[in-house]
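First up is the structure itself, then whatever we jot down about it.
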There are 2 protein chains.
Amino acid sequence: MGKRNGESLPTIYDVARECGVAPSTVSRALSQPGRVSAKTSERIHEVAARLGYQANPLAKYLPTGRTGTIVLIVSDITNPVYFPVIRGAESAAAAAEYTLVLSDVGESPEREREVMEKLVRTVDGFALATSRLTDAAIRAVARRRPMVTMNRVTQQVPSVVPDNGQGMRYAGEHLAELGHRRVTYVSGPPTSWANTVRWRALRAAGEQLGMTIRRIGPYAPTVAGGWAAAADLVSPLPTAVIAYNDLLAIGAMQGLHDLGVKVPDDVSVIGCDNILGSDWCTPALTTLAAPLRELGTRGVQHLIAMINGADARPRRPLVLPSQLIVRESTAPPRDEDGDRPGSGRE
Amino acid sequence: MGKRNGESLPTIYDVARECGVAPSTVSRALSQPGRVSAKTSERIHEVAARLGYQANPLAKYLPTGRTGTIVLIVSDITNPVYFPVIRGAESAAAAAEYTLVLSDVGESPEREREVMEKLVRTVDGFALATSRLTDAAIRAVARRRPMVTMNRVTQQVPSVVPDNGQGMRYAGEHLAELGHRRVTYVSGPPTSWANTVRWRALRAAGEQLGMTIRRIGPYAPTVAGGWAAAADLVSPLPTAVIAYNDLLAIGAMQGLHDLGVKVPDDVSVIGCDNILGSDWCTPALTTLAAPLRELGTRGVQHLIAMINGADARPRRPLVLPSQLIVRESTAPPRDEDGDRPGSGRE
DNA sequence: TTGAAAGCGCTAACAC
DNA sequence: GTGTTAGCGCTTTCAA
């Protein structure tokens, strides 16, 4: 029969025989402390240790269907924005004694779908970091397994997101205070929920603050994408730029530099996320720091609560505050723009 | 009994009943095309689709013990050096129709051990990217499951590594050609195999080229670590620095900058790995580019070959060539050093 | 407290 | 070709 390919490993039956007890007793001794006499239990543990017995997780999980594993699906692992999210998720999972595995889908909705399909029966729950799937596809999986989304809101699926609205308002106010009036938003992927939300929030803030907000794009949310955007940025050159994310902003700064445009002298640049590296580019990037680690911890905590039976149809997205980190890429616009610095709110 | 927590999903028995055939026939129809009459097969597929049947992977894998999943364990996912490794591993896994999951152990040997222990029976094989475990611990797991290590050599375990020796020689020659004579190596983690190998190779190259090579450290292989190293670097300040990795090099450049030391005017800096971001720091970093993507692909290819029965006690490490990428952080030393530029080999 | 036995869902030997 | 049946290793009633 289907013997294991190598030499086969000890099972509870081996332990049971060796101890002269029933397999079920071994099972109990090993997983339900107290339901077996101290004596037998001790002997069983002893023999199990001697034989090097270890439960076969596949067999263990078959009857219950629970594996103690959750997966964090990340839309693109090469984006440093996920580092803190991952770390947060890991710590929450570890605290609850769950194993967290990661899956990278490289910005591909197809791969994302495949991975979910493959894993849907072998993990206890899904955490989606910035899914690129349609709402319908997300909901379909969410019906089969506990799921939480991060940085993305889908009706009927619990989610945790940064406060993009508030954040974009901060960014707008910062620019207004410096005296900027003409701002361009550099779009990320059209399938990105955050992109849409950020653009809308910025437009709204701009209106309130009396600024003219243009939009260009979409561009790939990468350094290369930002570099490409730079070319589109110069005609006409605004006094300030806000990019969908830091990678895009850094790429744009590089492209601008190559075109002879100086940041922040000729144009100010703001990114989003405060990724690793946003402080070591030149000039250091002013950016809207999302509460990334908290996204990970809170998301996974909620997921695990759902797995443990919390009601799955929760109220509304958990919104976490963002923070503007002012570094060197923003400054007052050139005089020709005619605004006195600090006119925004002071 | 152990019913699934939600409503229970359709099984082959449901499909079989609906079709009026035996469960085994359903199994065959679904997994061994051709061993069932076209007619029945078609009907079975039809019903299966209608019922939304999907095999329970846990049950499927129990008899064979094979899950079609491999895990890539990464010592620290927040180090961009792994991006290409991961991508390479993913593509190789996908090509062989294996599911690749990632596991980050955050530089913790304990976590690494736990993860392996937890997954050893549920994955078909392990790929270790820069393990921080002892050789003995690695071998112990390698005896239980197919395994390959990347960027690390352990006796009896197949591995794929960059050619650190050749690479360090390139780096040394580059500095020699520029006229450098006093070089300091900034060490990474003492448990890192690559750190040891790089240091030895550099020392050997330095001897051949008539350079004085010092070593400081160890430091954490992070930007913060490099920043700390800068303070130790200035007394006495060498004319050139080679760091264990790019993160350290970038941190050192920042620290040096804060101390008023100019790169490359006062001191040249070389990193290792060519990570994302090494070209957007200031000055852009000269670095030894490891064949990272290939590390991932070749490693996983080999792993899968082992899973499929290739002999597990392979000859020697697969060594892949490195490449020196010269950017802006290296230049001839100040005149006081008294060497004519280009004296190295021309 | 412990044992016997059924069952989780699927695969594969062995008949027919 | 297709059905019967015996496991894979563990958990969990149900009795004793």
Side-chain angles (χ1 to χ4, degrees), chain A residues 1-45 47-48 51-68 118 120-122 124 144, chain B residues 1-45 47-48 51-68 120-122 124:
Chain A
M1 269 256 65
K3 273 281 130 238
R4 207 150 296 326
N5 32 0
E7 65 287 10
S8 72
L9 293 78
T11 72
I12 43 170
Y13 292 93
D14 299 315
V15 179
R17 192 173 341 102
E18 193 84 356
C19 291
V21 300
S24 51
T25 305
V26 176
S27 170
R28 275 190 288 257
L30 263 26
S31 32
Q32 302 169 13
R35 309 235 321 103
V36 147
S37 82
K39 217 172 164 164
T40 2
S41 174
E42 191 184 347
R43 200 166 75 249
I44 289 174
H45 276 95
V47 172
L51 261 44
Y53 167 80
Q54 282 186 283
N56 178 338
L58 256 26
K60 185 166 195 164
Y61 302 147
L62 219 206
T64 64
R66 296 184 56 159
T67 60
K118 168 93 193 233
V120 69
R121 305 282 296 265
T122 52
D124 291 351
R144 307 214 272 147
Chain B
M1 266 254 70
K3 272 284 126 233
R4 208 150 296 322
N5 32 0
E7 66 288 10
S8 72
L9 293 77
T11 71
I12 43 170
Y13 294 93
D14 300 315
V15 179
R17 191 173 343 100
E18 192 85 356
C19 290
V21 299
S24 53
T25 305
V26 175
S27 170
R28 275 190 288 257
L30 262 26
S31 33
Q32 303 170 12
R35 309 238 317 106
V36 148
S37 82
K39 213 169 167 169
T40 6
S41 175
E42 191 184 345
R43 200 166 74 248
I44 289 174
H45 276 95
V47 173
L51 261 45
Y53 166 81
Q54 283 187 282
N56 178 338
L58 257 28
K60 186 166 193 165
Y61 303 147
L62 220 206
T64 63
R66 298 185 54 161
T67 60
V120 69
R121 305 280 296 264
T122 53
D124 290 351

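When reading the values below, keep in mind they use all heavy atoms of this one structure, side chains included, and skip hydrogens, waters and symmetry mates. Naming convention: chains lettered A, B, ... in sequence-line order (proteins, then strands); numbering from 1 in each chain.
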Inset, instruction - Taking all non-hydrogen atoms of both residues into account, name the closest pair between B/C19 and B/I44 and its distance. - result: SG-CA, 3.9 Å

Inset, instruction - Calculate the interatomic distance between A/R17 atom CZ and D/dC10 atom P; express it in whole Å. - result: 13 Å

Inset, instruction - Please identify each residue that fulfils side chain to side chain donor-acceptor pair (under 3.5 Å) with A/Q54, with sequence neighbours left out. - result: B/E117, B/R144

Legend entry - For A/K118 against B/Y61, the heavy-atom pair lying closest together: CE-OH, 3.8 Å

Legend entry - Atom pair OG1 (A/T25) and CZ (A/R43), whose distance is rounded to the nearest 0.5 Å: 10.0 Å

Legend entry - Separation of atom CG in A/L58 from atom P in D/dG9, rounded to whole Å: 11 Å

Legend entry - Angle by which the axis turns from one end of the helix from C/dT1-D/dA16 to C/dC16-D/dG1 to the other, five pairs per end, to 10 degrees: 40°

Inset, instruction - Under 4.0 Å from any atom of DNA chain D, heavy atoms only: list the residues of residues 37-45 of chain B that qualify, in numerical order. - result: B/S37, B/T40

Legend entry - Nearest non-hydrogen partners of B/P10 and B/Y53, listed with the distance: O-CD1, 3.3 Å

Legend entry - Pairs meeting criterion salt bridge (Lys or Arg N to Asp or Glu O under 4.0 Å) with involvement of residues 9-20 of chain A, two or more places apart: A/D14-A/R17, A/E18-A/R50

Legend entry - Closest-nucleotide 5' rank along DNA chain C - winner of B/K60 and B/R35: B/K60

Legend entry - D/dC10 base / A/Y13 side chain donor-acceptor hit below 3.5 Å: yes

Legend entry - Rounded distance (Å) that lies between atom C1' of C/dC10 and atom CG of B/D14: 13 Å

Inset, instruction - Quick one: pull up OG1 in A/T122 and CG in A/L58 and give me the separation to the nearest 0.5 Å. - result: 9.5 Å

Legend entry - Nearest-Å distance for atom pair CG/P, residues A/L62 and C/dC10: 9 Å

Inset, instruction - Using only side-chain N and O atoms of A/Y53, determine if any of them is under 4.0 Å from OP1 or OP2 of D/dC10. - result: yes

Legend entry - Strand contacts (DNA chain C) in residues 23-33 of chain A, 4.0 angstrom heavy-atom criterion: A/S24, A/T25, A/R28

Legend entry - B/Y61 OH - D/dC10 C1' separation (whole Å): 19 Å

Inset, instruction - Go through the structure and list residues passing side chain to side chain donor-acceptor pair (under 3.5 Å) with A/T67, not counting sequence neighbours. - result: A/D124

Inset, instruction - Calculate, to the nearest 0.5 Å, the distance between atoms CG and CG belonging to A/L62 and B/N56 respectively. - result: 6.0 Å

Legend entry - Interatomic distance where CG belongs to A/L9 and P belongs to D/dC10 [whole Å]: 10 Å

Legend entry - B/P57 to A/R121 - nearest heavy-atom pair and separation: CD-CB, 3.2 Å

Just list the side-chain donor-acceptor pairs under 3.5 Å for residues 29-37 of chain B, sequence neighbours left out, or say none.
unit_1, atom_1, unit_2, atom_2, d
B/S31, OG, B/S27, O, 2.6
B/Q32, OE1, B/R35, NE, 3.0
B/S37, OG, B/T40, N, 3.2
B/S37, OG, B/T40, OG1, 2.3

Legend entry - Nucleotide of D/dC10, D/dG3, C/dG9 approaching B/V21 most closely (side-chain heavy atoms): D/dG3

Legend entry - 5' precedence on DNA chain C between A/G20 and B/I12 (nearest-nucleotide basis): A/G20

